[in-house]
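Some notes on the structure that comes next.
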Amino acid sequence: MNKQIKNLPNFIIIGAPKCGTTAIFNYLNQHPQIYMPSCKEPHFFSFEGENKPHWGIPNLEAYGTLFEGVTDEIAIGEASTWYLYSKTASERIQYHLPEAKLIAILRNPVERAYSSWAFRVQCGWESITNFEQALQAEQSRICDNREWDFHYLQSGFYYTQIKRYFDLFPREQIKIYLHEDLKADPVGLLQDIFQFLNIDSNFVPDVSVKHNITSSPRNNYLKLFLARKSRLKSIVKSIIPNKLRQNVVVQLRQYNRVKPSPLLPDIRQRFSQVCKEDILKLENLIERDLSNWL
C-alpha cells in the first residue's frame, strides 16, 4: 500500500455498471467494521493524471481525502463501476494497492446493456429511444470517441476485463459474483463478502431497500418538478419541515417510478449470440455456469 497517504482502501468494488454495485455499496456500508466514503464512483484509478475532473478524482492526494474519516474500521473500501472496463485501472490499482481485495459483480450482458440504455433514456442522456437501434449505432458511436457513454454491449464483454485482473492479482484477492446471486440471496452474498474481508460475517444487513433501480417517469411534469429549482419548491421548502419534506420527496419519487418495458425475447436471444463466445470463455475463467445467459 502507498505509504504517503494515511488511509487508502484495502478493498475495491470494481464493477460492473448496472449489476448491483450501488446496492452492495450501501449494504456493506451498514457494517460497523467497514468504512466506505460518501462519494461512490471516485474513479481515481480509471483517470489518474488524465485531467478529467468531470469523470473522477484526478490525483492520489485528493483520493486520500475520501478516507480521512477512517477510525477503527478494519475494511476500508470504495466502489467505482468502470474500473472493470477501464484498460488502465487494473495496473494502477496493482501499483498503488497491490494487496487490495477486489470484488466484481457481473450480469447477463444483454440485460445489463438494456438496463444501462433504459437508465440513460430515463435521465434524458440518450436520444435513441429504441434499444435495438441504440445497439446498432453503438460501434459508430464508439468510433466517435464518446468516452464510455454508449458502450452498452461492449462493456458487457467481461472475459478480457476480468482476465486483466487475474493476470495482475492472485486469485485469492478477487471475488466474482453474479447479479443472480444478489437477487437470490443478498444476505448470503454480503456475508460471504464479510468473510472475504476478514470481518464479522454474522452481521445481518438490512437489504429491504432497493437501490439505483432503472425506471421510467410516470409523469414527466412531476419528474421536472422534483429535479429543478422553482418558486413553488421554494415556498414548499419554507413551510414544510426538512425531515417531513425529505420523506414527501422520497414518496413522490417512488410513486413516479414505473418499470420500463421488458426486454423483448427475440432481441435478447439475438444479441446473446453476439456475446456467446465471450460468455463461454468467461465461464471457464471464473468457473461458473453461465448457460442461462445464452
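As the structure is a prediction and not an experimental result, all values here were calculated from the model. Note that these values count all heavy atoms, side chains included, but never hydrogens, waters or copies made by symmetry. For the single chain, residues carry numbers from 1 onward in sequence order.
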- Query: Do you know which of Tyr165, Tyr63, Tyr85 makes ring-ring contact (aromatic ring centres under 6.0 Å, His included) with Phe45?
  - Reply: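 Among Tyr165, Tyr63, Tyr85, the one that satisfies the ring-ring contact (aromatic ring centres under 6.0 Å, His included) with Phe45 is Tyr63.
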- Item | Axial cation check for Phe150 ring with Arg120, 6.0 Å and 45° limits |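 Positive - Arg120 is close enough to the ring of Phe150 and near enough to its axis.
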- Message: Can you tell me if Glu277 has over 12 outside heavy atoms packed within less than 6.0 Å of its CD?
- Response: no
- Item | Glu132 atom CD: more than 12 heavy-atom contacts under 6.0 Å |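 Enclosed.
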- Message: Quick check: do Ile74 and Tyr35 have side-chain heavy atoms less than 4.5 Å from each other?
- Response: no
- For the residue pair Asp278 and Thr160, what are the closest heavy atoms and their distance?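 So the minimum-distance heavy-atom pair works out to OD1-N, 4.5 Å.
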- Query: Which residue pairs pass the salt bridge (Lys or Arg N to Asp or Glu O under 4.0 Å) test when at least one of the two sits in residues 282-294, sequence neighbours left out?
  - Reply: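 Sorted result for residues 282-294: Asp181-Arg288.
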- Message: If the threshold is 4.0 Å, N to carboxylate O, is there a salt bridge linking Lys18 and Glu111?
- Response: no
Given 3.5 Å as the limit, does a donor-acceptor pair link the side chain of [X] with the main chain of [Y], or not?
{"X": "Asn7", "Y": "Glu68", "value": "no"}
{"X": "Lys175", "Y": "Phe196", "value": "no"}
{"X": "Asp192", "Y": "Gly188", "value": "no"}

Under a plain distance cut-off of 3.5 Å, with no hydrogens placed, do [Y] and [X] share a side-chain donor-acceptor pair?
{"X": "Glu41", "Y": "Tyr83", "result": "no"}
{"X": "Asn108", "Y": "Glu180", "result": "no"}
{"X": "Ser46", "Y": "Arg92", "result": "no"}
{"X": "Glu73", "Y": "Thr71", "result": "yes"}

- Task: May I ask you to decide if the ring planes of Phe131 and Trp117 are parallel, tilted or perpendicular, using 30° and 60° as cut-offs?
- Result: tilted
